[in-house]
Visitor: 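Got a structure for you, written out below as structure tokens; questions coming shortly.
A, B, ... follow the sequence lines: proteins, then strands. Residue 1 opens every chain.
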2 protein chains.
Amino acid sequence: EEMGFLSVKEGIRSVWEFCKEDTTRVVFAFKVGLAVLLVSLLILFRAPYEVFGASIIWSILTVAIMFEYTVGATFNRGFNRALGSLLAGILAIGVAQLALTAGRTAEPIIIGISIFLIGTVTSFMKQWPSLVPYEYGFRVILFTYCLIIVSGYRMGNPIRTSLDRLYSIAIGGIVAVLVNVLILPIWAGEQLHKELVSSFNAVADSLEECVRKYLEDDGSDYPEFSKTVMDEFPDEPAYRKCRSTLNSSAKIESLALAAKWEPPHGRFRHFFYPWSEYVKVGAVLRYCAYEVMALHGVLHSEIQAPYNLRITFQTEIQDATSQAAELVRSLGKDVSNMRRTLKTSLLKRVHISTERLQRAIDMHSYLLTSTYDPPDNPSRPLPKLSHTLSSNLSDFSTQLAELEKTTTPDQNSNPVSGALPPPVLPRAESYHEMMRKQSRRLHSWPSREVDAFEEEGGFEADFIPRMKALESTAALSLATFTSLLIEFVARLDHLVEAVEELSKMAKFKHEVL
Amino acid sequence: EEMGFLSVKEGIRSVWEFCKEDTTRVVFAFKVGLAVLLVSLLILFRAPYEVFGASIIWSILTVAIMFEYTVGATFNRGFNRALGSLLAGILAIGVAQLALTAGRTAEPIIIGISIFLIGTVTSFMKQWPSLVPYEYGFRVILFTYCLIIVSGYRMGNPIRTSLDRLYSIAIGGIVAVLVNVLILPIWAGEQLHKELVSSFNAVADSLEECVRKYLEDDGSDYPEFSKTVMDEFPDEPAYRKCRSTLNSSAKIESLALAAKWEPPHGRFRHFFYPWSEYVKVGAVLRYCAYEVMALHGVLHSEIQAPYNLRITFQTEIQDATSQAAELVRSLGKDVSNMRRTLKTSLLKRVHISTERLQRAIDMHSYLLTSTYDPPDNPSRPLPKLSHTLSSNLSDFSTQLAELEKTTTPDQNSNPVSGALPPPVLPRAESYHEMMRKQSRRLHSWPSREVDAFEEEGGFEADFIPRMKALESTAALSLATFTSLLIEFVARLDHLVEAVEELSKMAKFKHEVL
């Protein structure tokens, strides 16, 4: 019993959490209760019941079926219900009159055939792509038609029957709409607005999270990809949010569809508010999110650039990332506050930092085409190379010195550092230094030495790659990461454009800064 | 009038196309017509009408609301309808009895409060994540409860009212299910099966299409990305199919949910067929498709590797692509035919060709770190370089010679070719040759020439990059493309695993080859 009590307590707690997470859920539930209570009163009190008669129960059915979460969706359902009932009523009365004149025997046959035809035609039409959103309307036509014509046949006077029913349905619809609009309305437009803004933040967060993890990992504790491809990535909350953004297209579309039915309200004050632009911005944002997914793929792929290589470009990558994330967040904030600010300076800064990253990659591209020999190949004396390096250290360019600063903390944490290398350098250390040294050789191209070399070592090229294929392509994974980051930035132009278009059409306020 | 006639003709043609595309649409429409006709007959004929009375019209409502496209969805709706009605009936009878004993004044108050509570509680519960699929059931509980208790209050004898209604609903439900199952049934399982198989083909097709376009384009007529990011890509039908695969997760999930309600049928002969595994395989496939989207992004990005660079790796890229696409198609075919074949040899071939691609990239990674000087810098004599190349051509390794074969057709189509270069080589040509030459220098590392150079040109590194940043990162875009391709292949392992898991759980037949 103790256990039972505890699990009940547990259950109540989770229900409480669920309510606190989004209080509109509770509001919605109470609104439905109120709406059905109101229509029930029409029957529970004697006066209205005597006016409308037994068919008033249709108003209850209407409320239960029509009451949707948002105002727009309720309007949409109401429209479907009203138009469907009206069309079905007109059709039914017409066919009933026709069947009546056809005589006693022919009447049920005509009615039967008409029911079959209506069933077939409405079911066919509701599959037509442009009519799919009105699926419910076709259902209403079908059952309303059947109900009116059949009960008219059995009880006589189909016009009276259908009119009574239309009254009841109208009453139910009006109650549903009034309760939905007047008592704490839940606007689809508002929900769509919030959803889009949170998508902006999700993309920005997951980009930063992904890059942070890429740079912070020391390469030793990569989880196997096989374990994580379909994983929930519990330590990457932003990634999960971004992933759910990718699957939110259906939700955004249905919210936009509902929002179109809503009258001007709250912050969305003018008629024909461009809700479909939200869908477009959402789509461009999703295209940016695809790049984040690809970055995430590189982060968790098995082939990884060594940590010291990744850390070499840390400043540039972090700079480009934070600029890009800031731009995305600022766009989201603009949409959220419905204002319109010039994004030129932010965009320019993103471009500059991305160009800096491109330049850094370009300048150190030798690092990516590793011709590094693993230490288990003893024929090449690593210490000697390091020695030549240390003696030439003063020659280094300013930019390389800057990079040095970034990597210094890391080197300090390593006991092996400084100008005097030990007999055998740790692999990571020497690799980094070595590459830096090799850079100057690359940049000297073309020089006489090359031609001189060609005669002596031309054939070697064929034998070397086989033993270090992985090492080299591992370094290229950094190039992939940065390329994807650059591609992400390239797509931001389109995102800025799409938000600009939305701001224009939605008449967002110009902000004077 | 002529115009009107033409557009009618046009309309009929498009309706005809729509039917031909998927004939089950027409079948479904006729089935609905038949089902409503059948229940109508219960009223149109005197005998059944006299047995069931006026409440038989509820069977029509039930058919119209319950009849869904697939068998599983109909069962699901039927279950919701039945259980909802039953619960509502029991509740209503209980509350009505209680209200009756409470006396004349208290009765409507108790009924009103109960309606409010039922409305609130059901509307709250249907928002609970695990109960969302039963949304319709909660709606049924709400309106059935209201109808029974209210009409019981006004017309007396709630038990009689609710039993009559339950009979009618049961009859409607039975007719709907029988028509749905017995006449040309449309199984959700079958649809899910087909949907998944076609997703496999869409991913394979779009991968091949993307790579083909990447290799065939001569780099001159790239459409601006700004025009194409949200474009329909009319010349890339497979890409559009793949993109729709990305958005099909909701469809697959709802089909799987429906399929679980279906009895063993057709090819899916055993109980508890693992439909949820289809959702998992679909998710892994979607993760592969994300890589295709990223590849597509590289294909249409503004920064492009030069054509001759892309064509250098043509054989390897094409080989890896066609192997990967073949594996994906073969997995799709296995699922389609419900057989289980060993994928080891295919997977091994994919790995081998991917490794070959990795090796090729590694061997020619110098090409990606372009230190190429544009021809508008006249200080570096390009012709001289080409000359040294042609004189050393015989030294080339076998692998390089192989690569030569691939590029030869292209060179033949170019009037400028052969061993005697013109005074100024076209940029594309010389670039390619030059890089090949430089390769040998890189592979000779470390050699004495490097040390000798260091003293004379160490500072130059700082000034060069600025003017050719784009050129170099452009070449890296090829590295990105291949890395994404390799990542795609890496994800195939998981796809094979997921399909294997599905085959095991669904007891696919072992194929003896």
Side-chain angles (χ1 to χ4, degrees), chain A residues 25 29-30 32-33 36-37 40 43-44 57 60-61 64 108 115-116 119-120 123-124 127 142-143 146-147 150-151 229 247 249-250 290 293-294 297 301 358-359 362-363 365 369 371 395 397 440-441 443-445 449-450 453 457-458 460-462 464-465 469 472-473 476 479-480 483 487 494, chain B residues 25 29-30 32-33 36-37 40 43-44 57 60-61 64 108 115-116 119-120 123-124 127 142-143 146-147 150-151 229 247 249-250 290 293-294 297 301 358-359 362-363 365 369 371 395 397 440-441 443-445 449-450 453 457-458 460-462 464-465 469 472-473 476 479-480 483 487 494:
Chain A
R25 286 165 179 158
F30 277 110
V32 175
V36 284
L37 177 63
S40 302
I43 303 169
L44 294 176
I57 55 165
I60 295 182
L61 200 72
I115 285 175
F116 178 74
T120 307
S123 304
F124 182 75
Q127 297 176 74
L142 174 59
F143 72 71
C146 293
L147 289 176
V150 156
S151 53
V229 62
N247 291 328
S249 65
Y290 286 140
M293 290 298 285
S301 86
Q358 269 183 297
R359 229 176 3 243
D362 169 48
M363 188 187 258
S365 53
T369 56
T371 36
D395 289 351
S397 67
R440 278 175 288 163
R441 189 182 58 163
H443 283 120
S444 76
W445 183 89
E449 294 92 291
V450 180
F453 153 69
E460 220 168 321
D462 204 20
I464 297 166
S472 169
T473 45
L476 282 179
T480 306
S483 294
E487 179 66 30
H494 307 286
Chain B
R25 285 166 179 157
F30 277 110
V32 175
V36 285
L37 177 64
S40 303
I43 303 169
L44 294 177
I57 55 164
I60 295 183
L61 201 72
I115 285 175
F116 178 74
T120 306
S123 304
F124 182 75
Q127 297 175 75
L142 174 59
F143 72 72
C146 293
L147 289 177
V150 156
S151 53
V229 62
N247 292 327
S249 65
Y290 286 140
M293 290 298 284
S301 86
Q358 270 184 297
R359 218 156 34 224
D362 169 48
M363 188 189 259
S365 53
T369 56
T371 37
D395 288 352
S397 67
R440 279 173 289 162
R441 188 183 60 166
H443 284 120
S444 75
W445 184 91
E449 292 92 292
V450 180
F453 155 69
E460 219 168 320
D462 203 20
I464 296 166
S472 169
T473 44
L476 282 178
T480 306
S483 295
E487 179 66 29
H494 307 287

Visitor: Sequence neighbours excluded, which residues qualify as ring pair (Phe, Tyr, Trp, His ring centres under 6.0 Å) partners of B:Phe30?
Guide: none

Visitor: Please determine, among B:Ser40, B:Ala294, B:Ala250, the option with the most heavy-atom pairs under 4.5 Å with chain A.
Guide: B:Ser40

Visitor: Could you pull out the closest heavy-atom pair between A:Met293 and B:Tyr290, with the gap in Å?
Guide: CE-CE1, 3.4 Å

Visitor: What is the minimum heavy-atom distance between A:Thr120 and B:Gly33, and which atoms define it?
Guide: OG1-CA, 3.6 Å

Visitor: Go through B:Ile43, B:Ile57, B:Leu142, B:Ile60 and name the one with the most non-hydrogen pairs under 4.5 angstrom from chain A.
Guide: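 Going by pairs under 4.5 Å, I would pick B:Ile43.
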
Visitor: What's the shortest heavy-atom distance between B:Gly119 and A:Val36, and which atoms?
Guide: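 That closest heavy-atom pairing would be CA-CG2, 4.2 Å.
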
Visitor: Does A:Ser123 have any side-chain contact (heavy atoms from CB on, under 4.5 Å) partners at least two apart in sequence or in another chain, and if so, which?
Guide: B:Phe28, B:Ala29, B:Val32

